[in-house]
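One-based numbering, in listed order, for ligands and for the atoms of each.
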Amino acid sequence: MSALPGKILLGVNVDHVATIRQARGTDYPDPVEMALQAEDAGADGITMHLREDRRHVVESDIERMARATRTKLNMEMAATDEMRDIALRVAPADVCVVPERRAELTTEGGLDAVAQRGRLAELIAALGGAGIRVALFIDPQPAQIEASARAGAPAVELHTGGYAGARGGAQRAELEAVADGARRAHECGLLVNAGHGLHYENTAAIAALPQINELNIGHAIVARAIAVGFPRAVGEMKKLMAAARATR
Ligand code: PXP
């Protein structure tokens, strides 16, 4: 089994900067400009989801980000031929494969890596051949984790939406599921990332899990940045993640 990651990384998802731009069809605010501010404030990577409906991030954002990043770009995408070809052209460091339904407000559930293993294996091989590290976004269930490993994924991103949306005892049970999932994924030799629905109050418990390499956080950071600016919003999240990891 590989060593546990020492420090925990923060990938800042800037999709919702683009949401504000697209709401008015302007050319501001610029998600790339905000991403560079996030990097200056300590972000370890930038995440952008190029949705099939282009509701926030558009192709030129991904292209500009890939050129401008001083950390690394993680492109979230559906498992389609169109997205595979864009990823091969743009060559982000990382791709996170997500399920996508057109009417959803945000990514609602994890991929079904069990049912789609063959198709995902082909995509992982095609992107991996171009030096792109692929993570599958899955619910923290043993069958999904094991299917991801069998499909050849080097990494998974465990869906924390169930944990983020639950309260009380149900939330403790969801946290246990993420903790068990992180252990199982690490045992399977996978790099373990996590994200979705994380904010300033609920992130510490996830950041404390020793197998987690990176958290991808978007909505809460963009929302906080409206009040205090991007550098402080990112700095506060980095600090609370590092503190949670240090006291585990
Ligand atoms: N990880 C994945 C795979 C996602 O699809 C999203 C949402 O785009 C996030 C993380 C970030 O979620 P949030 O915006 O709730 O922080």
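You'll find the side chain of Leu123 reaches within 4.5 Å of the side chain of Val97, heavy atoms only. Taking 4.5 Å as the limit, some side-chain heavy atom of Ile138 sits within range of a side-chain heavy atom of Leu158.
Other residues, nucleotides and ligands contribute over 12 non-hydrogen atoms within 6.0 Å of the CZ atom of Arg89. Atom CZ of Arg24 sits in a sparse spot, with 12 or fewer heavy atoms from other residues, nucleotides or ligands closer than 6.0 Å.
Each of the atoms 10 (C), 11 (C) of ligand 1 lies under 4.0 Å from some heavy atom of Asn216. If you number the atoms of ligand 1 from 1 as listed, the ones under 4.0 Å from a heavy atom of Asn13 come out as 8 (O). Shown in contact with Val98 at under 4.0 Å from a heavy atom are these atoms of ligand 1, numbered in order with element: 3 (C).
Residue Glu76 has at least one N or O atom closer than 3.5 Å to an N or O atom of ligand 1. Between His219 and ligand 1, a contact under 3.5 Å exists for at least one N or O pair. Between Gly218 and ligand 1, at least one pair of N/O atoms sits closer than 3.5 Å. Considering backbone and side-chain atoms alike, Ile217 places every N or O at 3.5 Å or more from each N or O of ligand 1.
In this structure Asp61 satisfies the salt bridge (charged side-chain N to carboxylate O under 4.0 Å, His left out) test together with Arg21, Arg64, sequence neighbours excluded.
With Asn74 as the fixed residue, the side-chain hydrogen bond (donor to acceptor under 3.5 Å, both in side chains) test singles out one of Thr47, Asn13, Thr69, Asp94: Thr47.
Between Arg84 and Glu122 no salt bridge is recorded (no basic side-chain N to carboxylate O distance below 4.0 Å).
Ligand 1 has no atom lying under 4.0 Å from any heavy atom of Ala220.
At a heavy-atom cutoff of 4.0 Å, ligand 1 is contacted by the side chain of Glu157 but not by its backbone.
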